[in-house]
Amino acid sequence: MISIMLIAGNWKMNYGLKELYDFSNTFKSFEPSKDIDLCIIPPFPIIKEAKHIFQETKINVGAQCCHYKLEGSFTGDVSPKLLSEIGCDYVITGHSERRSNHFETNAYVKNTVLSLINKNITPIICVGETQEEKRKGNTFNFIKKQVSESVPIINDALIVVAYEPIWAIGSGNIPSEEEIEKIHNLIREELNSIPYLKVIYGGSVNEKNCKEIFSIPSVEGALIGGASLNFKEFLAIYNSGVKYLNSFKR
Ligand code: PGA
């Protein structure tokens, strides 16, 4: 069964084994909701250990990127095949930091998604406009193009698209509720032939603003960078999502 929301913490190039064990301690009291998947996305070398320590729990583990080929002469790259062998549940592809620093193009992202699906890993595909595109009033067209070129139409597996405006990442600024709603609806319309689609928001999500973000009807979770490094805050964000969904059950 596919959950309603996904809350994922992207550790980026931070933390190691010590913090992984700290995370595990903080999450000892974690009560997972069947409505919200939780995922941590640590650096590559500790993914296997993370899978090991969370094997009896509902905590998912992801990777921050991977190559689109399953194997070959690609020094320093990591294959979706290997990530699947070590039990990776999710992989981010097309994060803006990968697009700008490592030349992950829309075509690269699309091919990566196909390989991940082939290996039964759920892709988290990031899209988002720059400050400059926003200033020019070009957000809508920019996202439309990025989505159509990065996301393959898949009808038998879950696809997660994360709307992450680049200017919102790590800046403390977020779009208005109307802006988020408008872009999430655009993504849904563009991908309306994908039956299992989740559209989540990323960019400066924290304990203070998450309630407002989760209450936007088209938001089905969050990809969290900075705030996921504070484990108590990450847990509070998760619990805020649970509280929001539970409010519909009464
Ligand atoms: P942030 O990062 O939450 O620190 O803004 C989000 C991301 O880069 O995925």
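The structure displayed is predicted, hence computed values, not measured ones. Numbering of ligands and ligand atoms starts at 1, following listing order.
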Check your understanding: Taking atom types as modelled and ignoring hydrogens, do the side chains of Glu129 and Tyr163 form a donor-acceptor contact shorter than 3.5 angstrom?
Key -> yes
**Study point:** Trp167 and Glu132: side chain donor to acceptor below 3.5 Å
**Key:**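 There is no such pair (donor and acceptor under 3.5 Å, judged by atom type) between the side chains of Trp167 and Glu132.
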Exercise for review: State plainly whether the residues Glu149 and Lys110 are in salt-bridge range, i.e. N to O under 4.0 Å.
Suggested key: no
**Study point:** Carboxylate-amine/guanidinium contact Lys182 Glu177, below 4.0 Å
**Key:**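 Judged by the 4.0 Å cut-off on N to carboxylate O distance, Lys182 and Glu177 do not form a salt bridge.
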Would you give me the side-chain donor-acceptor pairs under 3.5 Å for residues 193-200, sequence neighbours excluded?
from	atom 1	to	atom 2	distance (Å)
Lys198	NZ	Ser3	O	2.5
Lys198	NZ	Ile4	O	3.4

Among all protein non-hydrogen atoms, which one is nearest to [atom], and what is the separation to 0.1 Å?
atom	answer
atom 4 (O) of ligand 1	Gly226 N, 2.8 Å
atom 3 (O) of ligand 1	Gly225 N, 2.8 Å
atom 9 (O) of ligand 1	Glu164 OE2, 2.7 Å

Review point. With a 4.0 Å cut-off on heavy atoms, does Gly170 reach ligand 1?
Key: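 Contact present.
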Check your understanding: Does ligand 1 have any atom sitting under 4.0 Å from a heavy atom of Gly203?
Key -> yes
Counting each atom of ligand 1 from 1 as listed, which ones have a heavy atom of [X] under 4.0 Å away?
X	result
His95	7 (C), 8 (O), 9 (O)
Lys12	2 (O), 7 (C), 8 (O)
Leu223	9 (O)

Practice item. State yes or no: are the ring centers of Trp11 and Phe44 separated by less than 6.0 Å? Key: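 For Trp11 and Phe44, the ring centres are not under 6.0 Å apart.
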**Study point:** salt bridge (charged side-chain N to carboxylate O under 4.0 Å, His left out) partners of Glu49, counting only residues at least two apart
**Key:** none
Practice item. Return yes or no for this condition: an N or O of Ile169 is under 3.5 Å from an N or O of ligand 1. Key: no
